[in-house]
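Model, not experiment: these values are computed from the prediction.
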Amino acid sequence: QVQLAESGGGLVQAGDSLRLSCAASGRTFSDYAMGWFRQAPGKEREFVAAIGNRDYPYYADSVKGRFTISRDNAKNTVYLQMNSLKPEDTAVYYCAADRMYRRIVSGDAGSWGQGTQVTVSS
């Protein structure tokens, strides 16, 4: 498995931007598909975005056009650029990794980070 550590969360106002980072260690980062999930209080964890080991980004409809997932294989890091944030984006955001892209999208990834809190005030 790969170890993941998220950073970049915080408290912002509606309409602001935020960039989350997820640093990976322990395995060959470029072999892994990566993804972002989020979990709001009282709700189930939901898929946000995924990226394959050779790009191929995919987004949930709720964030399409506002969020961008990217990766830097030289830095073993995946990013989530979040623009035009809304109060409903408030959640703990988790990074996930798996060798299989479909397991990222389905939420069955083998490795997960501890999460970073994003709070968007209205």
Test item: [X] side-chain N/O and [Y] main-chain N/O as donor-acceptor pair under 3.5 Å:
X      : Y      : answer
Arg103 : Asp108 : yes
Thr90  : Val120 : yes
Asp98  : Gly110 : yes
Arg71  : Phe29  : yes

In terms of hydrophobic clustering (I, L, V, M, F, W, Y; side-chain heavy atoms under 4.5 Å; direct or indirect links), are [X] and [Y] co-clustered?
X      : Y      : value
Val12  : Leu80  : yes
Phe67  : Val118 : yes
Tyr59  : Trp36  : yes
Val105 : Tyr93  : no
Leu85  : Val63  : yes

Kindly determine whether Met34 and Leu4 satisfy side chain to side chain contact (heavy atoms under 4.5 Å, CB included), including the steps that lead there. CA-CA 10 Å; Met34 303 296 295; Leu4 304 172; 3.8 Å; yes
Are Asp31 and Arg99 close enough, and set up right, to give a side chain to side chain contact (heavy atoms under 4.5 Å, CB included), and what steps lead you there? CA-CA 6 Å; Asp31 288 344; Arg99 291 182 181 272; 3.5 Å; yes
So, do Tyr101 and Tyr58 sit near enough that their side-chain heavy atoms are less than 4.5 Å apart? yes
Flag the pair Asp89 / Arg38 as yes when at least one side-chain heavy-atom distance between them is below 4.5 Å, and no otherwise. yes
Step-by-step side chain to side chain donor-acceptor pair (under 3.5 Å) determination, Asn53 to Ser30: CA-CA 6 Å; Asn53 60 349; Ser30 59; over 6 Å; no
With rounding to the nearest 0.5 angstrom, report the [atom1] to [atom2] distance, [X] to [Y].
X      : Y      : atom1 : atom2 : value
Ile104 : Ile51  : CD1   : CD1   : 11.0 Å
Met100 : Ser106 : CE    : OG    : 9.0 Å
Asn73  : Arg54  : CG    : CZ    : 10.0 Å
Ile69  : Asp55  : CD1   : CG    : 9.5 Å
Trp112 : Cys22  : CH2   : SG    : 11.0 Å
Cys95  : Glu6   : SG    : CD    : 5.5 Å

Please find the pair of heavy atoms, one from [X] and one from [Y], that lie closest to each other, and give the distance.
X     : Y      : result
Ala97 : Val2   : CB-CG1, 3.4 Å
Ala91 : Gln117 : O-NE2, 3.4 Å
Ala14 : Ser122 : CB-CA, 4.4 Å
Gly10 : Leu18  : N-CD2, 3.9 Å
Gln39 : Lys43  : NE2-O, 3.1 Å
Tyr94 : Gly113 : CD2-O, 3.6 Å

Between Phe47 and Phe37, how do the two ring planes meet: parallel, tilted or perpendicular, split at 30° and 60°? perpendicular
